[in-house]
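Below is one structure, written out as structure tokens; the observations come after it.
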Protein chains: 2
Amino acid sequence: MTSPSPENPAVPSLDALIARSKPRFRTATEFVEFTLRDGILSGAIPGGTPLRQEELAQQFGVSRMPVREALRQLESQALIDFTPHKGAVVTSISAADASDLFAVRMALEPAALRLSLPHLTQADLLRATDAIHDMDQERDLARMGDLNRRFHMTLYAQANSPRLLALVEQHMAVFDRYLRFELSALGWDHLKQDDHHALLDACAARDITTAEAVLIRHLATADQALREFFACRQDVREDSR
Amino acid sequence: MTSPSPENPAVPSLDALIARSKPRFRTATEFVEFTLRDGILSGAIPGGTPLRQEELAQQFGVSRMPVREALRQLESQALIDFTPHKGAVVTSISAADASDLFAVRMALEPAALRLSLPHLTQADLLRATDAIHDMDQERDLARMGDLNRRFHMTLYAQANSPRLLALVEQHMAVFDRYLRFELSALGWDHLKQDDHHALLDACAARDITTAEAVLIRHLATADQALREFFACRQDVREDSR
DNA sequence: ATGTGGTGAATTGGATCCAATCTTACAAAG
DNA sequence: CTTTGTAAGATTGGATCCAATTCACCACAT
């Protein structure tokens, strides 16, 4: 493991994540997998970091076996590259990868919204409103990611398609790796709450055409912002080494 | 492991799959994971089958560890349900699950096609044509699935979005679990080659609107056929036990 | 007869050990 | 000086062993 990113106070250290989430799991494999994913998504473990099994086992206080099982699962989620006899490396982030990710989100999320919108309840809309308001006052990066995900997932929740929803949630989680760059680029405050309100209004009016248009524009804006950010500041490539 | 489905000659036995694919991998984990997935997707291991680690280890001629790692990866791909201290069970198939799968495919594949179509080369179109012609004479179920996947993936190949393409290919592979039911429902011959030709023509003409409409109809038809098939013959539920 | 508690086997989770492979450094030959 | 071969260390892959949990069965009490 390399540095726990002490230069960026918004990124928690991996050790902090380990201490915080240790008692929440019954099996060591679950614990290691969840915490490693959290570390990668939050930026505590930057792209390019080689993940040595022995080292991780010591940090987590377990043997190498649960570490290996956790690495296998992270590999299936495309968060690490696993090469036989060479080990695991955290996948790198880049403008190209971000656009790739947005291509998936722009395929999945409008579909989920279209399926869900006719069945959205008043309670769903209220929960989405709450999420927006909570975001207004949130200053913590990880929690902001959770709230953003909660807002969107609430709108998709009635889609009645478990696979689709799981994919949507998974790829929104991967987006968390880019969230702090988007916030750097667009600023914390205004963010894109305009889009969120417009999307919510269109959903309340059951206007699928407008809702989809807003959602697509919302995602395209974020994609564009990240592209420009990476183009301007290639020095801030998050890959260590 | 339960019966190797001797009642259905179209489904190969797991032992046959093991013998055929043993020497193709460098690590035992890869070998077990690939072969188990093949077994699940081809129907050799039906939904609901409990997967005992010790038993699989003996069948594959390895120890329990590579089996466990393989099961972890299959769990990440939603092919098995893994419960701590209880073990793994192959996920069941159903009309609802098929529709769920088609919801994902109808979200992903039109998006991939839209991204890929402008960059399709003449060589791509020729390869797609070849795949269609090969399908006309194919009688083997597994190979038919491969050809169908090859035809579609060829049309999406220029999408320049690795994540999107990986998801498309993965979910087309999962569809193989339902392919033999669709063939039972619609018959082997005409299948839906009409759709394939129409889709190919629209792609050759760079007509994205028509191509997308054909593709969506193609998928919707298959979804509908499977729904009716499962509704009529609930007795043929593929789950053992 | 039914519900309850406990005991045993069966199965998985995890740790330790050994084998196979890769990497690095160094030395020797060209 | 470059290149190639080799050997030592590091790291992962796999096997075996032990611990923890679950489940099924049966005795026992109500």
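Small disclaimer: the values here were computed from a predicted structure and weren't measured. Basis for what follows: all heavy atoms, side chains included, without hydrogens, waters or symmetry-related copies.
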Under a 4.0 Å heavy-atom cutoff, the residues of residues 64-80 of chain A touching DNA chain C are A/M65, A/P66
Applied to residues 74-94 of chain A, the salt bridge (Lys or Arg N to Asp or Glu O under 4.0 Å) test, sequence neighbours excluded, yields A/R72-A/E75
Restricting to nitrogen or oxygen on both sides, can you table the protein-nucleotides 22-25 of chain C pairs closer than 3.5 Å?
unit_1: C/dT23; atom_1: OP1; unit_2: A/K86; atom_2: NZ; d: 3.4

Applied to residues 89-104 of chain A, the salt bridge (Lys or Arg N to Asp or Glu O under 4.0 Å) test, sequence neighbours excluded, yields A/D97-B/R163
- Query: Crowded around A/D130 CG? As in, over 12 foreign heavy atoms under 6.0 Å?
  - Reply: yes
Residues at least two apart in sequence or cross-chain that pass side chain to side chain donor-acceptor pair (under 3.5 Å) with B/E228, listed by chain then number, are B/Q224
At a 4.0 Å cut-off to heavy atoms of chain A, the contacted part of DNA chain D spans D/dT11 to D/dA15
Here the ring pair (Phe, Tyr, Trp, His ring centres under 6.0 Å) pairs for residues 77-100 of chain A, sequence neighbours left out, are none
Residues at least two apart in sequence or cross-chain that pass side-chain contact (heavy atoms from CB on, under 4.5 Å) with B/Q77, listed by chain then number, are A/S76, B/E33, B/R37, B/Q73, B/L74, B/L79, B/Q170
Cut-off 3.5 Å, no hydrogens considered: what does the side-chain donor-acceptor table look like for residues 101-112 of chain B, sequence neighbours left out?
unit_1: B/R105; atom_1: NE; unit_2: B/E109; atom_2: OE2; d: 2.6
unit_1: B/R105; atom_1: NH2; unit_2: B/E109; atom_2: OE2; d: 3.1
unit_1: B/E109; atom_1: OE1; unit_2: B/Y156; atom_2: OH; d: 2.6

Hits for side chain to side chain donor-acceptor pair (under 3.5 Å) against B/R149, two or more places apart or cross-chain, chain-then-number order -> B/D146, B/D176
B/R68 meets the salt bridge (charged side-chain N to carboxylate O under 4.0 Å, His left out) criterion, sequence neighbours left out, with A/E69
B/D223 meets the salt bridge (charged side-chain N to carboxylate O under 4.0 Å, His left out) criterion, sequence neighbours left out, with none
